[in-house]
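Here is the structure we will look at, set down as structure tokens.
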Amino acid sequence: MMTIDYTNRSCPLGQLYQDIILEHSKDPRNFGSLEKPDRHQEGFNPLCGDRVILDLKFDSAQNTLCQIRFKGEGCSICMASASMMTEEVCNQELSCVLKKIEQIRNLMQGKGEVIEGDLEALSGVKNFPVRIKCALLPWTTLKQALEETS
Ligand code: ZN
């Protein structure tokens with residue numbers, strides 16, 4: 001995976017964000033489905049036509065989300081967000097996953113959360129209100145999936 005030096009603030013960040021989003025949408029991580037998932041959840045964003053289908057497996061002993069795959073179709077922001085999300089939440093404790101979902105929602109509402117890594121690219125989306133739902137769809141779908149499990 002490519003690493004980017006975010007400390008170099010002279011980078012044209014707008015372009016950089018766009019590159020990360022394009023890269024994820026062209027080469028999505030954890031794309032596909034799981035056999036016998038513990039949870040199957042679909043999300044739809046009628047504003048843009050984005051559709052996200054999540055398959056999850058839990059490790060109940062560790063209380064972690066141990067496998068996640070996504071399928072779907074939609075704009076590059078939605079697909080990139082889903083791709084980043086699967087990398088971010090895999091093998092995490094469920095409480096951490098919920099916290100991460102909250103962080104992303106705050107980020108989109110401009111509440112000044114600091115997010116590291118590729119996810120930072122999504123922060124540029126908050127300046128485009130119509131695209132916020134695109135970026136959040138995978139996360140709200142994941143939240144639904146977790147809430148219906150517990
Ligand atoms: Zn979209």
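Atoms within each ligand, like the ligands themselves, are counted from 1 in listed order. Numbers for residues simply follow the sequence, beginning at 1.
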Exercise for review: Could you tell me which non-hydrogen atom of Ser25 sits nearest to which non-hydrogen atom of Met79, and how far apart they are?
Suggested key: CB-CB, 4.2 Å

Check your understanding: How close do Phe44 and Arg51 get, heavy atom to heavy atom, and via which atoms?
Key -> CE1-NH2, 3.6 Å

Check your understanding: Can you hop from Leu119 to Leu22 via hydrophobic side chains spaced under 4.5 Å?
Key -> no

Check your understanding: If you look at every heavy atom in Leu98 and Leu146, which pair is closest and at what distance?
Key -> CD2-CD1, 3.9 Å

Study note, to complete from the structure: To the Zn ion (ligand 1), the closest N, O or S atom belonging to Asp50 is OD2

Practice item. Output yes if Cys75 passes the N/O/S-under-2.8 Å test against the Zn ion (ligand 1); output no otherwise. Key: yes

Practice item. Compute the angle centred on the Zn ion (ligand 1) spanning SG of Cys134 and SG of Cys48, and express it rounded to 10 degrees. Key: 110°

